[in-house]
Amino acid sequence: MSTGTLRIRNPATLETLAELPVASADDVSRAFSRAREAQALWEPTPFRERAKFLYAFRDILIDEQARIADCVSAETGKPTSEVYGNELLYLCDAIGFWAKHAPRYLKPQRIRPHLLKTKKVVSVYSPVGVVGIISPWNFPLVLTIGEAVPALMAGNAVVIKPSELTPLSALLGVELAEKAGLPRDLIQVVFGLAETGEAVVDHADIVSFTGSVETGKKVMRRAAERLIPVTMELGGKDPMIVLKDADLERAANACVWGALMNSGQVCTSIERVYVEAPVYQEFVDRVVKKVKGLRQGSGNDEVDVGSMTSDAQLKKVTSQVDEAVAAGAKVLTGGRPNPNLRGLYYEPTVLIDVNHNMTVLKQETFGPVIPIMKVRDAAEAIDLANDSSYGLDASVFSGSREQAWAIAQRLETGSVCINDSLVNFVITDAPMGGIKESGFGRRHGADGIRKYCRQKTIVTDRFGLREEFPWFPASSKKTRQMRFLIELLWRSGWRKKLRAVRHLRAK
Ligand code: NAD
């Protein structure tokens, strides 16, 4: 039985888009039971069959691009150009990637033991069962259906709990997946708030959580009760470092896009910029000029920056900027909710004269704000970049790849882009994820699919002797032989080895 409804609103126009029933704990439990039945039939399906379903799904996504773009844009407030450029592009590529590479990542691995050469050892992967995906609102297709693709290719069923603000994209994705012929109930979506998410944690075999640090901790605590694995893709406060030998035009372009794409509501958005003193002013001037040229608005492809998605987020951004200004920060452009637009718009903003006592440099902002700090040198930039509880992504701009590489090694983050921004998310071959309070577990690459599997080691005896050396019965002769063996194999240095063996024989 449902326990209420969710009203979904277009944040750019404030119009109501839909009302959806909230899934109760019982509804979620039933969804998981159906998913388990579907999974039992899906697991024996060979990889190439699974891939066929996904390719058919991709064709339907391509047929329905315009409908998808309108749906995602309507419930998030992002321009349709961003839906094509981020959500659809990613999803179409990810489907091909997992369909092609899943068999390679999940094929049985032969392990050659260094010691027990008499054994054949193989490690095999099997699906965990039903994957619970709990998602935020900033990429309602990528972080729901996109995350489901590797789970499905690994032979699992999936139950998605999308954000209460943006469930329509996942719903459309599931509808199109079924239209493509994916077995019924293999991929389902349940709507609701925290209680629905909790029920997902209570039934899933693994929880793939993407969201805030605060909620991530709650999910982990609950998952601990059942000892189920979780992956945590949490927030970020990603730094960008610009050195004096950087290509400033490229750095400024990358900064504006990396900080303002999706209205700054990206986990890997550039949220703070440290620029070496000699090029600080020129960099700031270039960034401000570019930001002033951006077009803000909703819906269509001729808009650069859309609206925020949630009221709470708009309030948070406003309060962080206001607090910084009260403490001495200077707004070079933007700095307020857009008074000319009706929805949840915050003007693209550049802040200078900021410091690490300000919330805008300490906590995640998740909005269209670029705080820029002047630094003495690379060492100061590294210290400031690492002065954060988060550790997701970072960018370093320098004319010297060696120097940028050396800085990248010292940054406390899960990834670093050199002379680039945001790009690592779309490189599906490479592991993506955070350290520190940005979470753990990786999407993409081998870990991005193996995390949805149980790994089993199968050891086979190769020679069929009637008994093995350490088996019963125990005897002092066997113990003596064992001690010889230990000396022979592991005592360092031949002289010491021989002395020890002689000593044992003399006993
Ligand atoms: P959120 O933590 O508020 O919510 C995330 C999801 O968790 C929602 O579906 C919500 O309904 C659900 N939820 C809430 N309480 C729950 C509970 N007690 N148990 C189970 N589920 C519960 O996050 P948000 O505001 O939707 O998203 C913004 C956050 O997501 C930002 O911090 C952002 O950095 C992060 N994010 C991270 C990544 C990444 O890959 N690291 C990607 C996108 C967004």
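Just the heavy atoms: all of them, side chains too, but no hydrogens, waters or symmetry mates, feed the values below. Order of appearance sets the numbers: ligands from 1, and atoms from 1 within every ligand.
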Please work out which of the three classes, parallel, tilted or perpendicular, describes the rings of His356 and Tyr274, given edges at 30° and 60°.
tilted

*asked:* Between Asp26 and Ser29, is there a side-chain donor-acceptor contact under 3.5 Å, judged purely by atom types and distance?
replied: no

Check your understanding: What about Tyr125 and Tyr105, are their ring centers closer than 6.0 Å?
Key -> no

Show the distances, to 0.1 Å, for all pairs joining an N/O atom of ligand 1 and a protein N/O atom that are shorter than 3.5 Å, listing one pair per line.
from, atom 1, to, atom 2, distance (Å)
ligand 1, 2 (O), Ser212, N, 2.9
ligand 1, 2 (O), Ser212, OG, 2.6
ligand 1, 2 (O), Thr215, OG1, 2.7
ligand 1, 9 (O), Ser135, O, 2.7
ligand 1, 9 (O), Lys161, NZ, 2.9
ligand 1, 11 (O), Lys161, NZ, 2.6
ligand 1, 11 (O), Glu164, OE1, 2.6
ligand 1, 23 (O), Ser212, N, 3.4
ligand 1, 25 (O), Trp137, NE1, 3.0
ligand 1, 26 (O), Trp137, NE1, 3.2
ligand 1, 30 (O), Gly211, O, 3.4
ligand 1, 32 (O), Glu364, OE1, 2.7
ligand 1, 34 (O), Glu364, OE2, 2.5
ligand 1, 40 (O), Arg443, NH1, 2.8
ligand 1, 41 (N), Leu234, N, 3.3
ligand 1, 41 (N), Leu234, O, 2.7

Hey, are Arg30 and Asp27 close enough for a salt bridge, meaning a charged N less than 4.0 Å from a carboxylate O?
yes

Applied to residues 255-266, the side chain to side chain donor-acceptor pair (under 3.5 Å) test, sequence neighbours excluded, yields Lys78-Asn262

### Query
Are side-chain N/O atoms of Asp393 and Ser415 paired as donor and acceptor at under 3.5 Å?
yes

